[in-house]
Visitor: 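Here's a structure for you.
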2 protein chains.
Amino acid sequence: MAAAPASSNLQVVGGGAKAAAQESPCDDCAIRETSVCEVLDPPQLARMRAIATILRLEPGATLFQESDPAEHLCNVVEGAVKLYKLLPDGRRQITGFLFPGDFLGVALNKSYAYSAEAMTNVRLCRFSRNKLEGLLTELPNLERRLLEVAGNELVAAQDQMLLLGRKTARERLASFLLMVSRRAAARGRPASPVDLPMSRSDIGDYLGLTTETVSRTFTQLKKQGTIGLPSQSKVDILKRAELEEIAEAG
Amino acid sequence: MAAAPASSNLQVVGGGAKAAAQESPCDDCAIRETSVCEVLDPPQLARMRAIATILRLEPGATLFQESDPAEHLCNVVEGAVKLYKLLPDGRRQITGFLFPGDFLGVALNKSYAYSAEAMTNVRLCRFSRNKLEGLLTELPNLERRLLEVAGNELVAAQDQMLLLGRKTARERLASFLLMVSRRAAARGRPASPVDLPMSRSDIGDYLGLTTETVSRTFTQLKKQGTIGLPSQSKVDILKRAELEEIAEAG
DNA sequence: CGGTTCATTGATTCGCGTCAATGCAGGTGG
DNA sequence: CCACCTGCATTGACGCGAATCAATGAACCG
């Protein structure tokens, strides 16, 4: 870990607007065109930047825990984050994975409905909820954009309910691989081979399966030639049409 | 069904503002205090009413199908509606139940992400999406309220993912009964006995289970004295604390 | 009062979970 | 540079919870 010796998991590199402007001026922000910021004109963007702080996290670092007061919202600039809920006995459901350009906390609720943890080195652009809510009133296009993002998340959540409630293990994994591939493509990265920054057990907890079942199902799809597994964290989508067929029915 | 004899499943009783004002003037609307309308002051409410149409549906009537262009949004005024998604082979996942005061279509997407069907006689207050989106710009408090509602739905969706991905049949049914009870109470109705307007198979498709499993689990909870089943569609919550314990862990 | 629809109950099956062992890659220190 | 350790992935044997298949029962309706 080059930059700063880890004193805590949550390191603020610089503080406030100045640091943000220094470290990541919006001008050459890699995710500007895909994040919520895309709807802002230059003066509006300046106002967003003024309340933003850049944050770096190491793999495994916790951003916040379920039921913590929701003080911050963020844009993921780089890296990958997982969101999850726990039952008292430790069972876990991962409710989402965030990649660069994704927005964390659209719900605008008083407290977080899930915990969030960095899966890789992560760079975030963070806003205080209060300040952002204040800005919303003055930037109606941003508010409209948040509503749009919330709508997209709702649609994704409903797809996930269908997956969790009614799909088989094969169908779940196929759907998952296609989702990751599509989202990679949306960020301008190759749709295949797909990079999986999460462990098998994370995938299981996202799909409502066990590690073992995920692993077995990977092997099965590989044996039938639908996918290739060049490494543990890479998946070649060899027959996309077949994968889509599996994802949608049997 | 006093007002109009049923000629089709989808009956518009009167058209436009006048009819709406006649049949259900917002002044004595039963759900005004709990629906999205609660944030509107009288002049704003008048503008909402001006774009509203009252609609009545019979049990089993389809409001719209998944992937239809999303032309309308509605408030449920009376009755109960189910939302669901289908897989090509007919497997179904119910993604939500709507009761009076609930808003249908917060997502504001171009097309519906699910089908919607009336479970009982239903009264709706319907808005054209275009007109409502136009109004949003002029009623920022309404837009903020929609964002809030969308946030609540996201939280509920995440809870449902935890349920579908990680809970046992017992835990699912317990969670379901508590949810219905809580929502009834929020509308000022008794928290017990709870009224279930949906069939066992609807409950199954909501919880990711079969009819048979739902039925067996009802019987089991009844045998152990946690609930009572005075009729098919009524559930007495005899030991709420016990039900809550079951819902949250084992 | 017979027919239809839905809920319940029972017998059996099966997909996935559980438990357990082995394999494999990356990191560390001798 | 290699032996070892550690954490993760894979594979196998077995069991269980819920699905499936099938029959019966209960409520509603014309």
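In what follows, chains carry the letters A, B, and so on, assigned in the order in which the sequence lines appear, proteins first and then strands, with residues in each chain numbered from 1.
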Visitor: Which distance, rounded to the nearest 0.5 Å, do you find between the CD1 of Ile203(A) and the CG of Leu196(A)?
Guide: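 These two atoms lie 5.0 Å from each other.
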Visitor: Tell me what Ser231(B) touches on the nucleic acid: a base, only sugar-phosphate, or nothing, going by heavy atoms under 4.0 Å.
Guide: nothing
Visitor: If you pin Thr219(A) and Arg166(A) to their nearest nucleotides in DNA chain D, which one's is more 5'?
Guide: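 The residue mapped nearer the 5' terminus is Thr219(A).
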Visitor: Can you check whether Ala113(A)'s main-chain N or O pairs, donor with acceptor, with Lys85(A)'s side chain at less than 3.5 Å?
Guide: yes
Visitor: Is it true that Gln93(A) and Gln158(B) share a donor-acceptor pair across their side chains at a distance under 3.5 Å?
Guide: no
Visitor: Looking at Arg216(B) and dG10(C), is any side-chain donor or acceptor paired with a base atom of the opposite kind under 3.5 Å?
Guide: yes
Visitor: Identify the residue among Leu104(A), Ile94(A), Leu86(A) that makes a side-chain contact (heavy atoms from CB on, under 4.5 Å) with Tyr114(A).
Guide: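 Of all the options given, the one that passes is Leu104(A).
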Visitor: Would Glu66(B) and Ser115(B) count as having a side-chain donor-acceptor pair, cut-off 3.5 Å?
Guide: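 No donor-acceptor contact under 3.5 Å links the two side chains.
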Visitor: Going 5' to 3' along DNA chain D, which are the first and last nucleotides with any atom under 4.0 Å from a heavy atom of chain A?
Guide: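 Range of nucleotides within reach of chain A: dA9(D) to dA13(D).
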Visitor: With a distance cut-off below 6.0 Å to the six-membered ring centre and an angular limit of 45° from the axis, does Arg92(A) pair with Tyr84(A) as a cation-pi contact?
Guide: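 Judged by the rule, Arg92(A) and Tyr84(A) form a cation-pi pair.
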Visitor: Is it true that atom CZ of Arg187(B) has more than 12 heavy atoms of other residues, nucleotides or ligands lying nearer than 6.0 Å?
Guide: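 Yes, enclosed.
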Visitor: Taking only heavy atoms on the protein side, list every residue of residues 192-214 of chain A lying under 4.0 Å from any atom of DNA chain C, sorted numerically.
Guide: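 DNA chain C contact set from residues 192-214 of chain A: Gly208(A), Leu209(A), Thr210(A), Glu212(A), Thr213(A).
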